[in-house]
Every structure is written in C-alpha cells, then in structure tokens.
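Throughout, a chain's letter reflects where its sequence line sits, starting with A, and its residues are numbered from 1.
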Amino acid sequence: MLVPAVISVPAIHNEDELRRFVRSFSGVDAVGVESRVAKLGTRSLKKSTKMSAIDMAISMVDLTTLEGSDTEGRVTSLCTKARRPDPSDLAVPSVAAVCVYPDLVAHARHVLGDATVAVASVATAFPSGRASRNVKLLDVADAVGAGAHEVDMVIDRGAFLAGRWGQVFDEIVAVKAACGGAHLKVILETGELVTYDNVKRASWIAMLAGADFIKTSTGKVGVNATLPVALVMLEAARDFAEQTGQMVGVKVAGGIRTTKDALKYLVVVNETVGASWLTPEYFRFGASSLLNDLLMQRRKQRTGAYVRPDEFSGD
Amino acid sequence: MSERLDVKKTYKLVVNGAFPRSESGRSYEVMTADGKFLANVAQASRKDLREAVVAARSAQVKWWNATAYNRGQVMYRWAEMAEGRRAELVEHVQLAEGVKKSEAQRSVARAIDRIVWYAGWTDKATQVLGGANPVAGPFFNFSLPIPSGVIGVIAPQESSLEGFVEAVAAPICVGNAVVALASERRPTPAVVLAEMTATADFPGGVLNVLTGCTSELAPHLATHEDVDGLDVSGGAELGDELALLAAGSIKRVYRPRVNDVGNSLRRLRTFVETSTVWHTIGQ
C-alpha cells in the first residue's frame, strides 16, 4: 500500500494511515445534500439546452445488459443499437460503451468492429464480489484478454463495512494492475453502504487506489443510483481533483429510466464539479431503458408530437 | 361555539387511479351557469397529458386481459357507485348546466342507465361486431373485434355528464383505455364520476380525466403517436384541425353527426380493430 504524497494528501504507507486520513474528513450533511439536489432537480431547461443535453446524455450512456439470459443475439442487437441509436436520424450520437458480462466481451468486440463505442465488462465476481482475490483477478484477466476497453469491478462491501479498508484498497490496486491499459470503474454499491459518510469514504479509497471512474451501483440491489449519492460522489471527485490534480470520472447506474432523471443528473454535475466533467470521458449513465426514453424525448422536441414507445427497438 | 368552516373541494385530475394536481401547479376557476364561483379546478398541462397516456397504455393491457364478463361487472359497479351518489351528481349537473333540478335528475338517471347499458355490451359486442366468415376449406374463420388501444376523448362541452358518459363508456366497454378532456367550463360532474372508478375496481389508468383548456390540450392529444383513436365531440371550435392532426399518426377518429341517434353502436365500431383468425375444423 503506497499513496505518494501530493499537495494536501499525505503519503500513505499502511492501513492505519489510510484509516487516519479517511477518518479525517468532515461528515456529510445529509439534510443539506438532500435539499440541494431537490432544489437542483427543479431547474427548468429551455428547449435548445434540452436538445443539446439530450444528445449529451445519449453520448454518455453505457448501454447495459447484465442478465443471466443474455445471448450473443441479444448482445448483437445491443451493439447495433449502441452504434446508431436512432437509425432514422443520423444526427443522434453513438453511446459511450456497451456493458456486458466477460464471456460476451469478445462477441461484442467482434460486432462493434472499428466503431467508436467502447466495450465495458463487469468483473470481480459481479455483482456480489464474493469470491477470493485470485478468482476476481482471473475474472478481470479474462475480460481484458477478450478485449474489454473498460472494466467495472465491485468493491468488497463486506470488508468495507467490517472496517478492513486496507483490504478494499489493496484489491482495487491489484485489479487496476490486472487491467493493464483498460479503464477501471469501481462500483461502490452505495445502496449497501448505508450512510453518505461511507459513500464519501469509499469514493476516496477507490480514487486513492487508482480508479479511473467511481460508479454508484450494480443495478442488482434494491437501492440504486440516487441524486444525493451522486452529489456526494461528485463532490469527492471534485475535492480529489483539487488536491491531486487528477480527474476521476463518475458513473451513475441503475434505476435511471427517464430523460427527466438523466437531465437532473447533468444539472447536478454541472453545478457541483463544473462543465469539465460533462463529457463521456468523465460522466456516464449505466442504463438500458433510459436510451429509448432519451430518443423519444429527442424526437418529441424535434417534431412536436409525443412518440409511440415501440417506435424504438427494445434491447 | 364558533361557526363551522366550509370544507371546500379543489377538483383534481384523475390519472392512473390517483388524483394528482396538475404538474404545472396551475388551476382555474369554474363558474356556475349563472356566473357565480363554483370551484377551483386543476388546469392540466401537456405533461399531465403525457403521463395520462402512459398510464392508459399500461392499464389497457390489464383491462383487455380481464374477461368480458368481468369488465361488465366492473362497469356495472361503476353505475352502482354513481347511483349511491346521485344527489351529488344532480347538484353538480344543475349548477354546471343551469337546468332545473327535475331536469338534472333525469339527466343523471339517463347517464347512469347509459353506464349500465354499456356494461351489458362488454360481453355482447364481440358477437354483434364480429362473426364467422364462410371459407372454402376445412377451417373456421372468425373476425373478432379487438380494442384499438388508448382512446383520446374530447368530451362534449355542453352536456357535462351525459355527454361525457357516452363518450368514455363506449370505448372502455370494448376494452380500450381512455384519456378524456372534460368539458372546459363544466368539468365538475365528469371529475366526480371519474373519481368513482377508483372504488369500482377498474385497474388504475383505464379512465383518466384531465381538466383544463381544451384548445391547449386537444392538439397534443391529437398528435400523440401513442393514442390510437380520437373522439372529437367536444372540439367543435377547433374544427377539422384535430382530425387533420390525428391523421398524422393514422388514428381512428369519431366525429359527431348532426342526426346522431340514441343507442348507436357507432362509437363501439369506431374504436375496435378487426382481428381475423383461422382454425382447423376438428377430427
């Protein structure tokens, strides 16, 4: 365990120092966070802004299928949709990435060919993370070997909640090493972390350990991404960037189904960390049904008529 | 002892089996026929309309999946609920339309009877509108009426209750879900009647009622691609424009005729599609 000292982050050599540093944060004002996002959620976006925000949101989508019933055919149609979300309108941007299980990465790469859409894979015994470190690292190596550009790992929530933060940290470091050149997204599974303080601590641990992205949820538990949690994570990313000069991305995943929700997140991003995070490089939506709603609203803005949901293919 | 304060009712929308205010926060004043203040009524926006269509779309599946017999029972129960609150409906019709009490009573009675009439049609429309077709082969060939889906209704502006019942009960009885714009100046009888669907065991969203400015909402209802049919009875002042807008998404359109007769099945016929099935003759 070694975090070199930068501007205001001390060098960290062992678990005790990590604990001391992470414990030194001020607590999160839960009431304040919730009222702030409630307020930001009421912002109204005017038409031209909304149009560009919708396109921006489309370009930030990680189009996801993580079901036991996934087949190659399903991944093929997902990839086709990812490249060209609305075949009737060439102005619609491609999504950022498709996100699949490791065994389908090679197929997704094959289908996408030289498209700009990245292939992301979940790994490390997703979604529970309940496996030995060796198994997790093999899982990562598998995904990377098959050609994944991005790896979405889950942290060991059991270890985190039991206070073994060093274990969580070391595991992220090990996974990051196994990723090689692939981007690492660290899923905190905030629905299981109970408090905002824990979300803030886990965000910092992940960022100190070298995460390229911190991500809210797997989408597999009862509580998924929420605006207050996103705000806490964004503020952590902002503070981290201020203190280390390194920008870490944030991905919100699970339960975001409507354009309205997506635009609220974009407003929160803009108001918290600023426009430099408003690119697919630093902000993502992990979603499946959201894309269709974005396409529907986009067409509504363009033609003035509300659109039939089955105008756009299911995934 | 102090005088008791009035408990005033603000009339809300009926969407998805719930009674929300307008998303826009707007409301407007409704007057009685002789110009006195009657009530504050929610003024729906096009976003409320969009929500109502989403609710209707999912409710329609449940409604059509119920047996025809069960749909009849539920509609009859709606009539039962209305019967129990007749006095209230009479008062509303009287205030809204400015008619004598005796006339309002007759109008409410006709409206309730009309619900019962349509309740009866739920399991008879198939026989009357469908049929067996003669084919040259060892097959049965049936043509069956199936609901169009989600029907937009611009309820008549003058007849606040009877006209409303006629326009919404017909599409509902053949398995459609309805998004209705109540009469703009006389909305309260329709809202009161629609509230009763909540206790009549309709799946939430089968009947959604929006109150507000007809000329503001009707064009959005007409152009909405996820609405399959449109009854333009109350849209006379918008003329043919609504039917033109509806044509953009190939809706079935019901337009009133000058000499419309009572007990007509024209609305039932308008809001069904025909599905033809083949089946081998047994043995």
Chain A contact residues among residues 40-54 of chain B, heavy-atom distance under 4.5 Å: R46(B), K47(B), R50(B)
Passing candidate, side chain to side chain donor-acceptor pair (under 3.5 Å) with R298(A), options D55(A), T259(A), D86(A), T303(A): D55(A)
Q157(B) side chain vs G234(B) backbone, donor-acceptor pair below 3.5 Å: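 Yes, because the side chain of Q157(B) sits within donor-acceptor range (under 3.5 Å) of the backbone of G234(B).
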Aromatic ring pairing F202(B)/W78(B), orientation class (parallel under 30°, perpendicular over 60°, tilted between): perpendicular
Whether over 12 other heavy atoms sit under 6.0 Å from R21(B) CZ: no
Shortest non-hydrogen contact from W277(A) toward G249(A): NE1-CA, 4.2 Å
Distance under 6.0 Å and angle within 45° of ring axis: K300(A) vs Y306(A):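 Yes, cation above the ring, under 6.0 Å and within 45°.
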